[in-house]
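To keep things clear, I will list the structure first and then write my remarks on it.
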Amino acid sequence: MRIPRELEKLMVFGIFLCLDAFLYVFTLLPLRVFLALFRLLTLPCYGLRDRRLLQPAQVCDILKGVILVICYFMMHYVDYSMMYHLIRGQSVIKLYIIYNMLEVADRLFSSFGQDILDALYWTATEPKERKRAHIGVIPHFFMAVLYVFLHAILIMVQATTLNVAFNSHNKSLLTIMMSNNFVEIKGSVFKKFEKNNLFQMSNSDIKERFTNYVLLLIVCLRNMEQFSWNPDHLWVLFPDVCMVIASEVAVDIVKHAFITKFNDITADVYSEYRASLAFDLVSSRQKNAYTDYSDSVARRMGFIPLPLAVLLIRVVTSSIKVQGILSYACVILFYFGLISLKVLNSIVLLGKSCQYVKEAKMEEKLSNPPPTGTPNKPSSKSQNKCKPSQGLSMEENLSASVTSQPVHQKENVIPLLVTSNSDQFLTTPDGDEKDITQDSSELKHRSAKKDLLEIDRFTICGNRID
């Protein structure tokens, strides 16, 4: 009975993390692109003090901004109305199959898309002294543009299918789509789950729930536009929206409750998951962090905000017509309101994250000295295989991705491992907390279990990202 409360605490915290990364695209990213372009234009006034024209983070910001603009104009060639009537003409069973295929394709796209974006960022910011081992920036850039465009179209088809379900007269399609959530219970409850596997499932559920909220927002915007923004029609949509959200919450609660029951996992594991997410946030705010926060959320949960942001901008600009000085003033005020919401959300999240990290006694991991090597130096797999006994430099152990987080080194020799309180908190099974001191000599000869902070290199599909 404690599972619903602990699970919803994790879900709420994770949804606000996704919201923070999503708002970053609309608020801070345009400002950072403007500052990067301003630096380029004013560079002759300051002279070339450094070898680089722009910092690696500024290069990534410009690439993100250009991808957003190009994909936004490409989305104008996709007719939403034609897609709506094409989907509405299909049978109910066919639409049910299409919606299931779209969910699977969305997960695969999220997994592959982060690899494409990582490859683009690394290729664009790799050191000049190094010989290029990649095919170049331009092909990777076109691959990233194509990925964001196709993923945005896929999410648009999902939103259109959901819109058809809302507007069907007998609501049969909506009922079938809601019952599709209960198929998750059959597919996952009776399987064996470890703590790490349950953590990946929780992250996937957080990302799925946040994406559904954005899809419902898009459906409401399209329906309100068709009814000339009549407030009465919003109350017609409200029961269906509540039904979809309630079914999603109920399925998650039942699924996690029985998974933890069958695998003898206590409800306290969700506080560990929440502390692990909080650790990501706190570590990304440090001065020596190698990653932007939105990239760490994408890596942990498989949530990539760029395609969803492109679709939302496309729907909002087509649904709301801005005419006159007063309308532009309202748009500017709305933008400042979004910035205020982003800053307030970031402040609250950072405070809560520090609280969760302290409660989990994970400050020692934050206080470890960062590696002194260059963050853009990739690790050499051939050297790791040929020289297993020699000490590797810090630069060779860093991730190949520009946006990768500082991950603590893992030694191959087990007796050299030093276990701290935070390691015991995250890696000790539920029934072994009392026997830590008694079995300390035996633990030296056992293989060390993976830390929750060291398994975040997997997306929701299980593909290794670094």
Side-chain angles (χ1 to χ4, degrees), residues 7 9-25 60 106-118 121 151 193-211 213-214 252 256 269-286 289-309 345-346 349-350 352-354 356-357 360 362 365-366 399-408 410 422 426-427 450-466:
L7 175 64
K9 286 181 181 179
L10 174 66
M11 287 288 176
V12 170
F13 184 71
I15 287 173
F16 277 103
L17 293 181
C18 293
L19 178 64
D20 193 62
F22 192 59
L23 288 177
Y24 170 82
V25 179
C60 296
D106 180 54
R107 297 191 178 191
L108 297 179
F109 265 76
S110 299
S111 173
F112 185 57
Q114 188 60 40
D115 294 339
I116 294 177
L117 295 176
D118 278 346
Y121 300 152
H151 200 175
F193 276 85
E194 300 293 338
K195 283 186 176 181
N196 297 345
N197 305 120
L198 185 59
F199 186 35
Q200 295 300 313
M201 173 175 284
S202 303
N203 291 332
S204 175
D205 291 339
I206 292 171
K207 178 251 180 183
E208 182 181 356
R209 192 180 292 190
F210 180 79
T211 305
Y213 290 162
V214 179
D252 288 341
H256 283 265
V269 72
Y270 293 101
S271 62
E272 300 180 22
Y273 299 159
R274 192 175 55 190
S276 180
L277 295 177
F279 184 88
D280 284 347
L281 174 58
V282 176
S283 61
S284 66
R285 301 298 187 190
Q286 290 180 325
Y290 299 149
T291 178
D292 184 75
Y293 177 62
S294 60
D295 297 315
S296 65
V297 172
R299 235 171 230 92
R300 175 71 79 173
M301 300 181 185
F303 173 68
I304 304 176
L306 288 181
L308 206 58
N345 189 31
S346 299
L349 279 178
L350 187 59
K352 285 292 183 181
S353 299
C354 293
Y356 297 149
V357 169
M362 298 166 62
K365 295 189 177 185
L366 288 174
S399 174
S401 172
V402 177
T403 57
S404 64
Q405 305 176 42
V407 183
H408 303 292
K410 292 183 286 186
S422 57
L426 283 173
T427 59
K450 286 187 177 180
D451 193 293
L452 285 176
L453 298 175
E454 296 171 354
I455 64 166
D456 64 339
R457 296 301 177 260
F458 294 87
T459 59
I460 50 178
C461 298
N463 291 338
R464 183 170 290 275
I465 283 192
D466 61 353

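Nearest heavy atom pair, residue Cys354 against residue Val282, reads N-CG2, 4.1 Å.
With sequence neighbours left out, the side-chain contact (heavy atoms from CB on, under 4.5 Å) criterion links Ser202 to Leu10, Leu198, His256, Tyr270, Tyr273. Annotation: side-chain hydrogen bond (donor to acceptor under 3.5 Å, both in side chains) contacts of Thr211 (sequence neighbours excluded): none. Phe210 meets the ring pair (Phe, Tyr, Trp, His ring centres under 6.0 Å) test with Phe22, Phe303; sequence neighbours excluded.
The structure places CG of Leu281 at 6.0 Å from CZ of Phe13, a figure rounded to the nearest 0.5 Å. Atom CE of Met301 sits about 8.5 Å away from atom CG of Asp280, to the nearest 0.5 Å. Taking CE of Met11 as the start and CZ of Arg209 as the end, the distance is 4.5 Å to the nearest 0.5 Å. With values rounded to the nearest 0.5 angstrom, Ile206 atom CD1 is found 7.5 Å from Leu17 atom CG. Going from atom CG of Asp106 over to atom NZ of Lys207 covers 3.5 Å, rounded to the nearest 0.5 Å. The CZ atom of Arg274 sits 11.0 Å away from atom CG of Leu7, with the distance rounded to the nearest 0.5 Å.
Counting heavy atoms from C-beta outward, Gln200 and Phe193 have side chains that stay 4.5 Å or more apart. Within the 4.5 Å cutoff, the side chain of Tyr24 has no heavy atoms near those of the Pro305 side chain. Using a 4.5 Å cut-off on side-chain heavy atoms (C-beta onward), Tyr356 and Ser271 make no contact.
Side-chain contact of Gln114 with Asp118: a donor-acceptor pair under 3.5 Å is present, judged by distance alone.
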Checklist entry - So Leu308 and Val25, side chain to side chain contact (heavy atoms under 4.5 Å, CB included) or not? Walk me through it. => result CA-CA 10 Å; Leu308 206 58; Val25 179; over 6 Å; no
Checklist entry - Between Ile15 and Tyr213, does a side chain to side chain contact (heavy atoms under 4.5 Å, CB included) hold up when you go through it step by step? => result CA-CA 10 Å; Ile15 287 173; Tyr213 290 162; 3.8 Å; yes
